[in-house]
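Notes follow once the structure below has been shown.
Remember, it's 1-based here, ligands and their atoms both numbered in the order they're listed.
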Amino acid sequence: MKIAIDGPSGAGKSYLSKTIAAHYGFIHVDTGALYRTLGLYALRAGIARDKVAEICPHLEKIEVSLSFTSEGQRVLLNGEDVTDLIRTPEISMYASAVSAVPAVRDFLLETQRSIARAHSVVMDGRDIGTVILPDAEVKIFLVANDRARAKRRLAELEEKGIQTTLEEVLADMAKRDENDRTRATAPAVAAEDAVLLDNSELTRDQTVEAAIRIIEEKRQK
Ligand code: DC
């Protein structure tokens, strides 16, 4: 069983996917972590954000892998666990930049597909329903208005002790959404057969309930 959850940043994909995966006993795959890890690599390699295509010659010496523990997914960069290093606003912007490079998307494609071949998954990202798992049995495109998304993102960052403001989060989010939606390769758009779920006015629990209703309807068909 493959469940694809796509949508813009801050829509709540991660919490929703994690909760649904626990509900059904599936693995939750957060694909954004893969792009974030390559963003971290680019930053460490001294590659400027507007020249991230310079990461291409490095790809042959990079290994990015995911492991799944009872506490959730860990991501390894050449064997180093970088899970806790990739959640900063700086890495978010780098991830968005590297994710527009077609060779980077190709590089990460098989990692994602092979996990879905081996396990039942709830996979969250931007192009899961369109490119990575076009044959997913359930596809949800999760959206919320800008203010709702920025407020949630701000709360997440504050929880991690990262100091920022709502205005800064709104501006970063707008820039990242624009990059992700308008890039030439695998833009972050809903698959034709995705169900659109707007959770601007929903609590987390109500969002989970709505998603489970969508999944159950699809499973009965
Ligand atoms: O979901 P996230 O915020 O962790 O993702 C970080 C960036 O990675 C996001 O701005 C776009 C990119 N991304 C992508 O292009 N495709 C995916 N499947 C997941 C993330």
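For ligand 1, the polar-atom distance check finds no N/O of D30 at less than 3.5 Å from any of the ligand's N/O atoms. Ligand 1 has no nitrogen or oxygen under 3.5 angstrom from a nitrogen or oxygen of R153.
Here M93 has no heavy atoms under 4.0 Å from ligand 1, in either its backbone or its side chain. Residue R176 touches ligand 1 through its side chain alone, judged by heavy-atom distances below 4.0 Å.
Those atoms of ligand 1 that come under 4.0 Å of a heavy atom in S96, given as number and element, are 10 (O). In summary, the atoms of ligand 1 found under 4.0 Å from a heavy atom of R105, numbered by their order in the structure, are 14 (C), 15 (O), 16 (N). Within the listing of ligand 1, atoms 11 (C), 12 (C), 15 (O) sit less than 4.0 angstrom from a heavy atom of S99. Against a heavy-atom cut-off of under 4.0 Å, D127 is close to the following atoms of ligand 1: 16 (N), 17 (C), 18 (N). Listed by number with element, the atoms of ligand 1 under 4.0 Å from a non-hydrogen atom of A95 are 6 (C), 7 (C).
For the residue pair D198 / S200, a side-chain donor-acceptor distance below 3.5 Å is found, with atom types taken as modelled. With hydrogens and angles left out, the side-chain atoms of E110 and S114 include no donor and acceptor closer than 3.5 Å. For the 3.5 Å distance criterion, the side chains of R36 and S92 qualify, holding a donor opposite an acceptor. Between the side chains of R149 and N199, no donor N or O sits under 3.5 Å from an acceptor N or O.
Residue, atom and distance of the protein heavy atom nearest to atom 11 (C) of ligand 1 are D180 OD2, 3.3 Å. For atom 19 (C) of ligand 1, the closest non-hydrogen atom on the protein side is T31 OG1, 3.4 Å. The single protein non-hydrogen atom nearest to atom 8 (O) of ligand 1 is Y35 CB, 3.5 Å, given as residue, atom name and distance. If you check which protein heavy atom lies closest to atom 1 (O) of ligand 1, you get R126 NH1, 2.9 Å. Counting only heavy atoms of the protein, atom 4 (O) of ligand 1 lies nearest to R36 NE, 2.6 Å.
Checked against the 6.0 Å centroid threshold, Y41 and H58 count as a close aromatic pair.
None of D193, D127, D6 except one satisfies the salt bridge (charged side-chain N to carboxylate O under 4.0 Å, His left out) rule with K139; the exception is D193.
For R44, the side chain to side chain donor-acceptor pair (under 3.5 Å) criterion is met by E80, not counting sequence neighbours. For S99, the side chain to side chain contact (heavy atoms under 4.5 Å, CB included) test picks out Y35, R105, D180, R183, with sequence neighbours left out.
Atom-to-atom distance recorded for T165:OG1 and L154:CG is 7.5 Å, nearest 0.5 angstrom.
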